[in-house]
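What follows is one structure encoded as structure tokens, with my remarks underneath.
For ligands, and for the atoms within them, numbers begin at 1 and follow the listed sequence.
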Amino acid sequence: MKNRIVRAVLLAVVLPSLSVWIASCHGGEGQKSARDVERNRMVDQYIIPRGIEDPAVIAAMRQVPRHRFVPGAYSLFAYVDGPLPIGHGQTISQPSLVAEMTAQLQLRKTDKVLEVGTGSGYQAAILAELAGEVFTVEIVEPLARRAEQTLADLGYRNVKVRVGDGYEGWPEEAPFDAIIVTAAPDHVPQPLLDQLAIGGRLILPVGTYSQLLELHRRTETGYERKILMSVRFVPLVRQAETQ
Ligand code: SAH
């Protein structure tokens with residue numbers, strides 16, 4: 001009797017999870033589902049407890065495979081809630097901060113969005129899940145090219161990547177319903193304020209060593225500003241400094 005119970009437990013619980021584990025070690029289909037499980041766990045443990053309530057943002061965080069945006073050596077840590085190196089001295093932001101900043105933009109499916117600081121392309125993919133069109137500017141060319149490739153491999157057709165100084169925005173595509181800056185300038189770039197549509201939202205960290213996350217909204221008559229929290233981003237560099 002006891003033996004039969006042990007055998008039943010083995011068959012029902014241990015063997016199936018062992019096969020998922022073996023499949024994930026061999027990079028088969030099991031790997032995809034193992035990463036899906038990890039990603040959902042990340043959302044349940046770090047994103048929802050942070051107070052993110054927008055179901056569309058939560059769904060996007062469950063959907064976008066962050067492990068595809070981080071270098072292979074760090075892939076194991078893709079679903080831990082921390083920043084990770086992506087090369088060229090840059091980092092992919094912490095997932096809960098990506099979710100928080102995205103939620104603050106209150107995106108609609110028809111919105112046209114600008115991102116400054118493409119980095120790995122992960123934040124751009126999250127935006128692409130929620131908005132109509134995403135335009136993203138990166139100053140480090142190899143990062144821009146890699147992000148463009150990753151986004152194409154994953155089938156994101158509504159994202160355009162450009163190499164350049166995002167301080168200047170993307171004037172040819174303005175106005176934008178939302179602008180997100182993921183590197184910190186020491187003041188709010190005037191071109192970005194100018195390129196907001198009426199009702200448009202701009203979220204960005206501002207400051208040098210310690211930064212504050214600011215949310216700006218363009219109104220019929222001017223701009224409203226809200227300070228959200230203190231954050232740490234890499235600095236926004238200007239074209240002249242990189243030459
Ligand atoms: N959003 C990214 C992480 C950004 S890290 C992601 O999801 O992975 C900040 C990025 O901003 C870096 O890649 C850095 O090279 C870029 N950056 C810094 N200054 C910039 C500027 N003036 N214009 C465009 N990109 C800039």
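Within 6.0 Å of the OH atom in Y74, the count of heavy atoms belonging to other residues, nucleotides or ligands does not exceed 12. Within 6.0 Å of the CZ atom in R145, the count of heavy atoms belonging to other residues, nucleotides or ligands exceeds 12. Dense packing is recorded around CD of E172, with more than 12 heavy atoms of other residues, nucleotides or ligands lying under 6.0 Å away.
Hydrophobic cluster membership of L212, counting Ile, Leu, Val, Met, Phe, Trp and Tyr whose side-chain heavy atoms lie under 4.5 Å apart directly or via other members: I227.
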Which protein N or O atoms sit under 3.5 Å from any N or O of ligand 1? Give atom names and distances.
{"from": "ligand 1", "atom 1": "1 (N)", "to": "E115", "atom 2": "OE2", "distance (Å)": "3.0"}
{"from": "ligand 1", "atom 1": "1 (N)", "to": "G117", "atom 2": "O", "distance (Å)": "3.0"}
{"from": "ligand 1", "atom 1": "1 (N)", "to": "T182", "atom 2": "OG1", "distance (Å)": "3.1"}
{"from": "ligand 1", "atom 1": "7 (O)", "to": "Q123", "atom 2": "N", "distance (Å)": "3.0"}
{"from": "ligand 1", "atom 1": "8 (O)", "to": "S120", "atom 2": "N", "distance (Å)": "3.0"}
{"from": "ligand 1", "atom 1": "8 (O)", "to": "S120", "atom 2": "OG", "distance (Å)": "2.6"}
{"from": "ligand 1", "atom 1": "13 (O)", "to": "E138", "atom 2": "OE1", "distance (Å)": "2.7"}
{"from": "ligand 1", "atom 1": "13 (O)", "to": "E138", "atom 2": "OE2", "distance (Å)": "3.3"}
{"from": "ligand 1", "atom 1": "15 (O)", "to": "E138", "atom 2": "OE2", "distance (Å)": "2.6"}
{"from": "ligand 1", "atom 1": "19 (N)", "to": "V237", "atom 2": "N", "distance (Å)": "3.0"}
{"from": "ligand 1", "atom 1": "22 (N)", "to": "D165", "atom 2": "OD1", "distance (Å)": "2.8"}
{"from": "ligand 1", "atom 1": "22 (N)", "to": "V237", "atom 2": "O", "distance (Å)": "2.5"}
{"from": "ligand 1", "atom 1": "23 (N)", "to": "G166", "atom 2": "N", "distance (Å)": "2.8"}
{"from": "ligand 1", "atom 1": "25 (N)", "to": "I139", "atom 2": "N", "distance (Å)": "3.3"}

Residue pair E38, R35: steps toward the salt bridge (Lys or Arg N to Asp or Glu O under 4.0 Å) verdict: CA-CA 5 Å; E38 280 184 65; R35 299 321 309 252; 2.9 Å; yes
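Side-chain contact between Y79 and R41 is absent, with no heavy-atom pair separated by less than 4.5 Å.
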